[in-house]
Structures are given as structure tokens and as C-alpha cells.
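Accompanying notes for the structure given below.
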Amino acid sequence: MDLFLQDPPCLPSAWEGDRALKDALRFYLGDHFAAAEVILDELGRWATGPETLRMVMRAENEPATLMQYDAWGHRVDEVAVSDAYTELGKFGVEHGVVALAYEPEPFGDLARVVWAAAIYLWGPSSALYSCPIAMTDAAARTLFEHGDATDTEIAQRLISRDPGFAWTSGQWMTETAGGSDVARTSTVARLQGDEWRLYGTKWFTSATTSEMALTLARPEGAPDGSRGLGLFRVHRMLDDGTPNAILVRRLKDKLGTRSMPTAELELEGALAHPVGDPLDGRGVAKISTMLNITRLHNALASAGALARGHAWASSFAESREVFGRKLAAQPAHRVTLAELAVDKAAALALSLRCAHLMGRMEHGSATAEEVALFRGLTPVTKLSTARWAVAGAAEAMEALGGVGYCEDSGMPALVRNAHVLPIWEGTTNVLSLDLLRAAQRSDSFTALLTDCERAAAVAAGTAGMEQPVAAVRASVDELKKRFEDAASDLDRLQATARSIAMGAATTYACALLCEQSTALGTEGAPTAAAARRLAERGLTGPAPFASDIPNDL
Ligand code: MFK
């Protein structure tokens, strides 16, 4: 008897097969769409091509390694990465995964939208080279905003498309005592002669092979807490070609992101260059420029993971027959695929809107309301998309059945790598609290809800959009009430923060999809369907605890 062998699923071009992305870009880009399509079409064909997918698999199977000593006992601390990882990154750099955001032509203040689409397509095939790229982009913007002429010169390397000239940057924030609570940073900056030297241990430093990093340290004599911290640029190698005084204690043995090295570093008097005045107590505020950009990268990685999971599940369902018909035609499975598509559309809507606002801020065309909106939207987008990505990656793996659970399908890597997304760059709770802080300091929450109402108003009166528009309006009222009910008691407000943040994410995603589908007219039918489905699921999510959290649960 012949053994039945299933044809492997075959991914379409990541660009060609992504209707939600194209529709969203038509909405944002208008006349610029055609120019963007040329770039994104090439990236999309590359991202899901068989050769690229083989390289991704190879990079995943060749984790980063550390050699601390050479054969003669000298301390060398050499971190090696797979050449497949390097090649995937090089392709991205050449195709502008940083540069696109900084090139004034042809997209002007819409450059971040095109850039975001590029990251979304390239990221899932980067074997986590997306991590150094996130930090590189973020470091470049931070140096441009807060640095001097030398910093600006260094930043040219970070935004270059030439792999021979381009550098990547790390972001060393986390210490043993301070992951979320960065105020507990204990690295000391000592002024020795006219040079700053850093002493301390950095506990998680990703992309250890990067040529430089931005890091926080406390100048000797500066006050405790976050207001005593300065921001410093540190290079791995010194100008004379010798290594800086940085020891690699060990590489982290992580659940995922294996091709990308993450180390513990010992700074033993590492030469460092202050970014701005190291004694102005603005280190955290300055590195926040960086955080907001890496958080958007994180959101795009989440949307990209959802897209890749959905693509695998859909193409498998097209080729698989079960119980007498195609899996893609089985009602239960159609629901699963549709729900994945809705999550992807929501993640994309939030991420692209964030990118749109960021581009306007970077080009000086954003209004004060848009700046306030961006401040609240960034944590909301990062936290929600990351959680959707974890659930979506697991769902996609399940959709491939037993083969999806096997390493050589690539799905376990998708699941492993998705799990970092809610953790790095601020956990779900830390970012929920960040939304509260932004709400209190810059009225960002009000700006977010106001923009929900604005977007819903655009769609009001459009046939078929009555239900999602009404749901957005009701949810805005409910979220305001949740905030106001808890506002007078800080502990209660913090206990409510996640419910408010997740509710705001789904509500804003629905509002954006309502607005986009209306603008797209008949072409916007799939976007309208996604908005309706979000509304059917319920926008506000679970209510917070009605009273104190019971101790006996
Ligand atoms: C593929 C994806 C790629 C992603 C790769 C990334 C890999 C990188 C790996 C990592 O480095 S992960 C580690 C990331 N660590 C974090 O995300 C830290 C999480 N903790 C926080 O975000 C805390 O909220 C924070 C450290 C910012 C709290 O610090 P503080 O000093 O206690 O907070 P405070 O007093 O609110 O903020 C100090 C200043 O910064 C204030 O300015 P002002 O003095 O002018 O008022 C704040 O307004 C400002 N600030 C804080 N967060 C901001 C911000 N400004 C703008 N945007 C923000 N998000």
C-alpha cells in the first residue's frame, strides 16, 4: 500500500499574500503607495522564498557561542554567530530596515510607515537580527536627539545601508537589581582624567556582537534613583583596535532568540562617552527616546509573527484534506484562521498608526495632540500586540497538527521567539503602568480615547459599520469610567491598569479599522469585517476586580 505523504505548505510572497498590509498602506500612503510597493514586493518575495527560509532554519540551529579563552589561556571573550544570521541581517541593512526611516526622499513624513512595513515583512525571516536592528535604529535617533557632533557622526554608521560601513548598537539597561526598575542601576561612571570609565555588571545585553551600545550609569556622587543616572555610549573596540574593558561573563541560555547572542557583561573601567551632560539627571528621559522606538519594533515583530503564523496555517489548510474536504473549508478551522487574521489586522493597525505618528514627530509635522497620543499609544501597542503574538503563534502551531510541534516545521521557533515579545522592552504590567504615568503627565490617555472617537466618527453613517462604531463609543465610555472609578486610589488604579491598557488597545484597533475601511470604500470590505469581528468579541475585555484582590484565591 502506498504511504500517503502530505505536500508541504508553500508560503506565498509575504507582500503579495498580505491583503491587510496592502489595504492599510493604501490608506496611509495614497500616491506614495506605488513607490512603496516596489520596495516591499522585493522584500516580500525574499522573506518567504525557499532559500531564505532555509537560512532562517540554519540560523536557528546554529546558536550563538562564546569562547572565553584561547588555546593558550588568554581571555578573548569571542562571541560567534551563525553566518546565516549575519547574511539575513545584511540583506535587511542593504534594503533599508533602518535607513528607510531616515531617508528624507521620497516618502517625507510617511517614511516610518513604509519602514514599518519593511520591518514587518523582513523581521520574521531575520532570525532575530531584528533585535540589533531595533536597538540600532533607536540608538541612532537617541544620538541625533541628545548627542553632540561626534554622536551625530557615529549615528551615520547606524543608519547606513552599506554593510561595510554600518554598525549595530546594543542597549544595556538591565542589571541584577533593575530590570523594570531602572532606578536601581548600580553601574558607576567615574571621571578619570578627562575620560569617563564605567564599572558594573549588565545582566542582559542582547546583540553582544554590536560595535557599540547605549547604557545607563550613575556618575560618582550623583544622587540615588533614576534622576541620578546618565546616558553613555560605549564601544566594544577602542579607536586603536584593542578591546574595551568589557568582559563577557557568559551567554544566556534562553528559551528562544537563540541565534542572537545575549550576554552578561562585566564593565571593568570601560571607556564611555556621555550623551549630553552626564550629570543632568536626564539619563532615563534620554534613553526613553530609544525605548519608544524599540517598543515599536517589538510591536512590528509581534504583528510579523502573527502574519507568518497565519500564512503557514492558511497555506497548510489549503493543501490539507480532512474528513472529505479541504481543511480550509472546514467551518471550525475557517473560524480559527479568520480569528488569526483579525488579530493580525488589529496588531498591524496599531503598529502602523504608531509608526505614522512617529514619522510625523520625527519630521516636525505632528500636532501636540498627536505627540500626546503617541506617548500613550506606544506602551498600549507594544503590550497588546506581544500578547496577541504569543497566543497567535501557539494557535498557528496547533493548526499544523503534530508536524507543527516538530522542530523541522519551523513552528516551535516561531512560538519560542514570540515568547520574548511580552518580556523585553517592558513587560505587560510595566507598560500598563507606563500608560498610567503618561496619562497623568501628558494627558495621553485622553488623547487616545479622543482619537478613538474621531476615527469612529469617520465611519459613523457608513453602511455595515453601525455595530463596530457603537461598540467603540461604548468602550470609550467604559474605559473612562474604569479610569475615573480608580483614579483616587493609586493602588486600585495600578490594579486596574492592565484591564484599561488592553481595553484601549482593542478599542483603538477597532476604531482605526473602522476609519480605514470607510476610506477604502468597497476595497475596504476585509478591513470592515475585521473591525466587526473585533467588536463582536467585545472591546473592553475583562473588567478589573470589583473590590480589593481577594487574599484567599
Ligand atoms: C524585535 C524586537 C526588538 C526589540 C529588541 C530590544 C532588545 C533590548 C533588550 C532590552 O534592553 S530589554 C530592557 C528594557 N527595559 C525596559 O523596558 C525598562 C522598563 N521600565 C520602564 O520603562 C520604566 O517605566 C522606566 C525605567 C522608564 C521608569 O523609570 P523612572 O525614572 O522611574 O520613571 P519616570 O520618573 O517616570 O521617568 C523619568 C523620565 O523619563 C520622565 O521625564 P521627565 O522628568 O521629563 O518627566 C519621564 O517622562 C520620561 N519617560 C519615561 N518613560 C518614557 C518617558 N518619556 C517618553 N517615553 C517614555 N516611554
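Treat the numbers as computed from the prediction; the structure is a model and nothing was measured. All ligand and atom numbering here is 1-based and tracks the order in the structure. Scope of the values below: all heavy atoms of this structure, side chains included, with no hydrogens, waters or symmetry mates.
When Thr208, Leu267, Leu198, Leu214 are each tested for a side chain to side chain contact (heavy atoms under 4.5 Å, CB included) with Trp172, only one passes: Leu267. The ring pair (Phe, Tyr, Trp, His ring centres under 6.0 Å) with His297 is formed by just one residue from the set Trp424, Tyr120, Trp115, Trp122; it is Trp115.
For atom 2 (C) of ligand 1, the nearest non-hydrogen atom from the set Asp137, Leu229, Asn298, Val284 comes from Asn298. Within the set Cys131, Pro124, Ala299, the minimum heavy-atom distance to atom 5 (C) of ligand 1 is found for Cys131. Looking at Leu214, Ile119, Leu300, Asn292 and measuring to atom 57 (N) of ligand 1, the nearest heavy atom belongs to Asn292. Of the options Met135, Arg295, Arg227, Gln171, the smallest heavy-atom separation from atom 17 (O) of ligand 1 is shown by Arg295.
At a 3.5 angstrom cut-off on N or O pairs, Ser206 does not count as close to ligand 1. The distance criterion of under 3.5 Å between nitrogen or oxygen atoms is met by Ser226 with respect to ligand 1.
For the pair Thr185/Val182, a side-chain contact is recorded, criterion being any heavy-atom separation below 4.5 Å from C-beta on. The shortest side-chain heavy-atom distance between Arg295 and Thr381 does not fall under the 4.5 Å cut-off. Here the side chains of Leu479 and Tyr508 are not in contact, with every heavy-atom distance at 4.5 Å or above. Side-chain contact between Leu66 and Pro261 is absent, with no heavy atoms from C-beta onward closer than 4.5 Å.
Ligand 1 has at least one atom lying under 4.0 Å from a heavy atom of Ser180.
Listed by atom number, the atoms of ligand 1 under 4.0 Å from Gly179 heavy atoms are 18 (C). Near Arg441, meaning under 4.0 Å from any of its heavy atoms, are these atoms of ligand 1: 34 (P), 35 (O), 36 (O), 37 (O), 41 (C), 46 (O), 47 (C), 48 (O). For ligand 1, the atoms closer than 4.0 angstrom to any heavy atom of Ala301 are 1 (C). Near Arg282, the atoms of ligand 1 lying under 4.0 angstrom from a non-hydrogen atom of the residue are 43 (P), 44 (O), 45 (O). Those atoms of ligand 1 with a heavy atom of Val430 less than 4.0 angstrom away are 19 (C), 20 (N), 21 (C). For ligand 1, the atoms sitting less than 4.0 Å from at least one non-hydrogen atom of Thr174 are 13 (C), numbered in the order shown with element in parentheses. Listed by number with element, the atoms of ligand 1 under 4.0 Å from a non-hydrogen atom of Glu425 are 6 (C), 7 (C), 8 (C), 9 (C), 10 (C), 11 (O), 12 (S), 14 (C), 17 (O). Residue Leu291 has at least one heavy-atom neighbour below 4.0 Å for each of these atoms of ligand 1: 17 (O).
Annotation: atom 40 (O) of ligand 1 to nearest protein heavy atom, Ala285 CA, 3.4 Å. Of the protein's non-hydrogen atoms, Ser288 OG, 3.9 Å is the one closest to atom 49 (C) of ligand 1. Among protein heavy atoms, atom 28 (C) of ligand 1 sits closest to Arg437 NH2, 4.0 Å.
A salt bridge links Asp137 to Arg112: at least one charged side-chain nitrogen sits closer than 4.0 Å to a carboxylate oxygen. One finds a salt bridge joining Arg161 and Glu103 here, because a Lys/Arg side-chain nitrogen approaches an Asp/Glu carboxylate oxygen to under 4.0 Å. Looking at Arg58 and Glu62, a side-chain N of the basic residue comes within less than 4.0 Å of a carboxylate O on the acidic one, giving a salt bridge.
Seen from the ring of Phe445, Arg375 does not count as a face-on cation partner, given the 6.0 Å and 45° thresholds.
When non-hydrogen atoms are compared, ligand 1 lies under 4.0 Å from the side chain of Ala134 (C-beta onward) but not from its backbone. Within the 4.0 Å heavy-atom criterion, neither part of Thr289 lies near ligand 1.
Within 6.0 Å of CG on Asp162 lie more than 12 heavy atoms contributed by other residues, nucleotides or ligands.
In this structure, a donor-acceptor pair under 3.5 Å is absent between the side chains of Thr378 and Asn292.
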